[in-house]
**Q** 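Structure incoming, see below.
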Amino acid sequence: MKFRVFLQRLSSPRVRRRLKIGLSVWGVAIAISLIFKFAYDIGYFKAQSLINDKNTATPNTTQILTIESAQRIVSGALKEDPDYPKTIVTQVIDNNQKLATIIVENNKQRKIGWIIDMRLFFIGDLFNDNGYNLTESIEHQHNISRGEN
């Protein structure tokens, strides 16, 4: 098709009107999508700044498990009176923030206890991913006889 024929067809009023409508629809669609994009970006950056502000407000110190705090965790887990507990924490062996190892004593019987994430406390066997009994090895290291009930 020659360029002259193309220009003649574009000069028709019906084609011009349809072309204007089509280009207007495309322009409006692009404008709306840009408005939505800018609104999303502004909201996203505001949300990120709120998250960053919240993260900076939290202290970044690592928690250290002391015998007193371990005693409170054990008393709370066993629902004992915190002022006069029956089960006493005698030693904190491993002071890890995720998995702390403690020695508890009840009626002159010593056992290994585990505190997970500074909250959950339990006495029992803990196995690593290779299947080794960690409780038994720590009992052997600290000369704690296993009191089988």
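Quick note: residue numbers are just sequence positions, from 1. The figures here come from the full heavy-atom set of this structure, side chains too, leaving out hydrogens, waters and symmetry mates.
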**Q** Running the 4.5 Å side-chain criterion over Ile, Leu, Val, Met, Phe, Trp and Tyr, what cluster does Ile32 land in, apart from itself?
**A** Val28, Phe36
**Q** If Ile, Leu, Val, Met, Phe, Trp and Tyr residues are connected whenever their side-chain heavy atoms lie under 4.5 Å apart, and connections chain through other members, are Leu126 and Ile116 in the same group?
**A** yes
**Q** Linking Ile, Leu, Val, Met, Phe, Trp and Tyr through side-chain heavy atoms less than 4.5 Å apart, which residues share a cluster with Ile51?
**A** none
**Q** Let me check something: do Phe122 and Val74 share a hydrophobic cluster, defined by ILVMFWY side-chain heavy atoms less than 4.5 Å apart, either directly or through other members?
**A** no
**Q** Applying side-chain hydrogen bond (donor to acceptor under 3.5 Å, both in side chains), which residue pairs with at least one partner in residues 21-40 are found, sequence neighbours left out?
**A** Lys37-Asp41
**Q** For Asn52, which residues count as a side-chain contact (heavy atoms from CB on, under 4.5 Å) partner, sequence neighbours excluded?
**A** none
**Q** Please enumerate all residues that pass side-chain hydrogen bond (donor to acceptor under 3.5 Å, both in side chains) together with Ser137, with sequence neighbours excluded.
**A** none
**Q** Might you point out which heavy atoms bring Gly113 and Phe121 nearest each other, and give the distance in Å?
**A** CA-CE1, 4.2 Å
**Q** Mind checking what makes side-chain contact (heavy atoms from CB on, under 4.5 Å) contact with Asp81, not counting sequence neighbours?
**A** Asp83, Tyr84
**Q** About how many Å separate CD1 of Ile115 and CD1 of Ile73, when rounded to the nearest 0.5 Å?
**A** 4.5 Å
**Q** Indicate, with yes or no, if Leu78 and Met118 share a hydrophobic cluster defined by side-chain heavy-atom contacts under 4.5 Å among Ile, Leu, Val, Met, Phe, Trp and Tyr.
**A** yes
**Q** Among pairs that include at least one residue of residues 45-57, which meet salt bridge (Lys or Arg N to Asp or Glu O under 4.0 Å), considering only residues two or more places apart or in two chains?
**A** none
**Q** Which residue pairs pass the salt bridge (Lys or Arg N to Asp or Glu O under 4.0 Å) test with at least one member in residues 63-77, sequence neighbours excluded?
**A** none
**Q** Inspect the surroundings of NE2 in His140 and state if more than 12 heavy atoms from other residues, nucleotides or ligands are less than 6.0 Å away.
**A** no
**Q** Mind checking whether Leu99 and Ile123 sit in one hydrophobic cluster, side chains of I, L, V, M, F, W, Y counted as touching below 4.5 Å?
**A** no
**Q** Which atom pairs, donor and acceptor, lie under 3.5 Å between side-chain atoms of residues 87-96 and protein residues at least two apart or in another chain?
**A**
{"unit_1": "Thr87", "atom_1": "OG1", "unit_2": "Glu80", "atom_2": "OE2", "d": "3.0"}
{"unit_1": "Thr87", "atom_1": "OG1", "unit_2": "Asn106", "atom_2": "ND2", "d": "3.4"}
{"unit_1": "Thr90", "atom_1": "OG1", "unit_2": "Ile103", "atom_2": "O", "d": "3.2"}
{"unit_1": "Asn95", "atom_1": "OD1", "unit_2": "Leu65", "atom_2": "N", "d": "2.9"}
{"unit_1": "Asn95", "atom_1": "ND2", "unit_2": "Leu65", "atom_2": "O", "d": "3.2"}
{"unit_1": "Asn96", "atom_1": "OD1", "unit_2": "Lys98", "atom_2": "N", "d": "3.4"}

**Q** Give, for atom CD of Glu136 and atom CG of Leu134, the distance between the pair rounded to the nearest 0.5 Å.
**A** 10.5 Å
**Q** Just grab all the side-chain hydrogen bond (donor to acceptor under 3.5 Å, both in side chains) pairs involving residues 114-124, residues at least two apart or on different chains.
**A** Trp114-Thr135
**Q** Taking transitive links into account, so neighbours of neighbours count too, which hydrophobic residues share a cluster with Leu34 at under 4.5 Å side-chain distance?
**A** Ile30, Phe38
